[in-house]
Amino acid sequence: MNDIELEYKENIVPYSRKELINKLKSALKQSRFEHVLRVEQMAIKLAKLNDFDEEMASIGGLVHDYAKQRPDEDFIAAIKKYHLNENLLNYGNAIWHGAVGYLFVQNELRISNVEILNAVKYHTTGSKYMSTLSQIVYMADYLEMGREFPGVDEARKITFNNLQDGVAYQTKHTLEYLISNNKSVYPKTIDTYNQWVVNSKIK
């Protein structure tokens with residue numbers, strides 16, 4: 001799985017790809033670590049399809065779940081310390097590891113690239129405005145080859161053909177899932193839906 005040959009040359013992170021992978025391996029359980037490697041693979045594939053920087057895609061894919069297995073107390077403390085929207089306290093890890101987790105990526109992994117930090121921040125909820133990198137990480141997390149859910153093959157086909165249509169597909173189907181299971185919807189997800197799904201041709 002870890003057979004990607006990519007040498008970091010752009011000084012986006014202060015270490016090599018191998019060193020970054022080792023930091024992630026120590027921060028995550030094995031199954032989650034394997035997931036981020038698969039997300040990196042998919043992110044690089046999407047970068048190639050969209051003529052986007054592969055190093056940026058690699059880093060975004062690898063670090064998107066850096067904070068996933070932190071205790072709730074870490075997130076609650078960060079929300080209060082950095083005066084984030086108090087509404088975040090009504091949610092949990094599924095939202096926090098992106099919407100708050102980017103701060104751990106910034107402070108602990110010493111990554112200051114705004115595009116990468118935003119890709120981490122938005123990878124679970126999406127956003128009204130998403131850069132190409134944010135779209136790539138959002139979709140790579142959804143489509144990595146370990147994912148198995150009804151419609152995943154269709155989602156991959158759509159996304160490989162058009163990245164923006166993929167964003168619309170994921171956003172619509174995620175919202176449908178949340179609603180059909182009576183789960184709370186984070187407000188930014190509604191913003192994402194209104195921007196990306198309304199007026200799209202996605203079914």
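Keep in mind that what you see is a predicted model, and the values were worked out from it rather than measured. Values below: all heavy atoms of this structure, side chains included; hydrogens, waters and symmetry mates excluded.
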Sub-4.5 Å side-chain heavy-atom contact between [X] and [Y]:
X: Asn113; Y: Val13; value: no
X: Tyr8; Y: Ile59; value: yes
X: Val39; Y: Leu143; value: no
X: Ile202; Y: Val197; value: no
X: His173; Y: Phe149; value: no
X: Gln69; Y: Arg32; value: yes

Greater than 12 external heavy atoms within 6.0 Å of Tyr129's OH |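 Not more than 12 within 6.0 Å, no.
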
What distance do [X] atom [atom1] and [Y] atom [atom2] have between them, rounded to the nearest 0.5 Å?
X: Ile116; Y: Ser131; atom1: CD1; atom2: OG; result: 10.0 Å
X: Ile158; Y: Leu163; atom1: CD1; atom2: CG; result: 12.5 Å
X: Gln164; Y: Met139; atom1: CD; atom2: CE; result: 10.5 Å
X: Tyr142; Y: Thr124; atom1: OH; atom2: OG1; result: 14.0 Å
X: Tyr102; Y: Leu117; atom1: OH; atom2: CG; result: 8.0 Å

Determine which pairs satisfy salt bridge (Lys or Arg N to Asp or Glu O under 4.0 Å) with at least one residue from residues 105-129, sequence neighbours left out, and list them in order.
->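 Residue pairs with at least one partner in residues 105-129: Arg70-Glu108.
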
All pairs passing salt bridge (Lys or Arg N to Asp or Glu O under 4.0 Å) where residues 45-58 contributes a residue, at least two apart =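 Passing the test, one end in residues 45-58: no pairs.
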
Among pairs that include at least one residue of [range], which meet side chain to side chain donor-acceptor pair (under 3.5 Å), considering only residues two or more places apart or in two chains?
range: residues 178-201; value: none
range: residues 85-95; value: Lys68-Asn93, Asn87-Asn90
range: residues 143-160; value: His35-Glu144, Arg38-Glu144, Asp141-Arg147, Asp153-Arg156

List in chain and number order the residues that pass ring pair (Phe, Tyr, Trp, His ring centres under 6.0 Å) with Phe75, two or more places apart in sequence or in another chain; answer none if no residue qualifies.
->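 Expected list: Trp96, Phe104.
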
Dump the intermediate steps for side-chain contact (heavy atoms from CB on, under 4.5 Å) on Val137 and Val120, then the final yes or no.
-> CA-CA 8 Å; Val137 174; Val120 175; over 6 Å; no

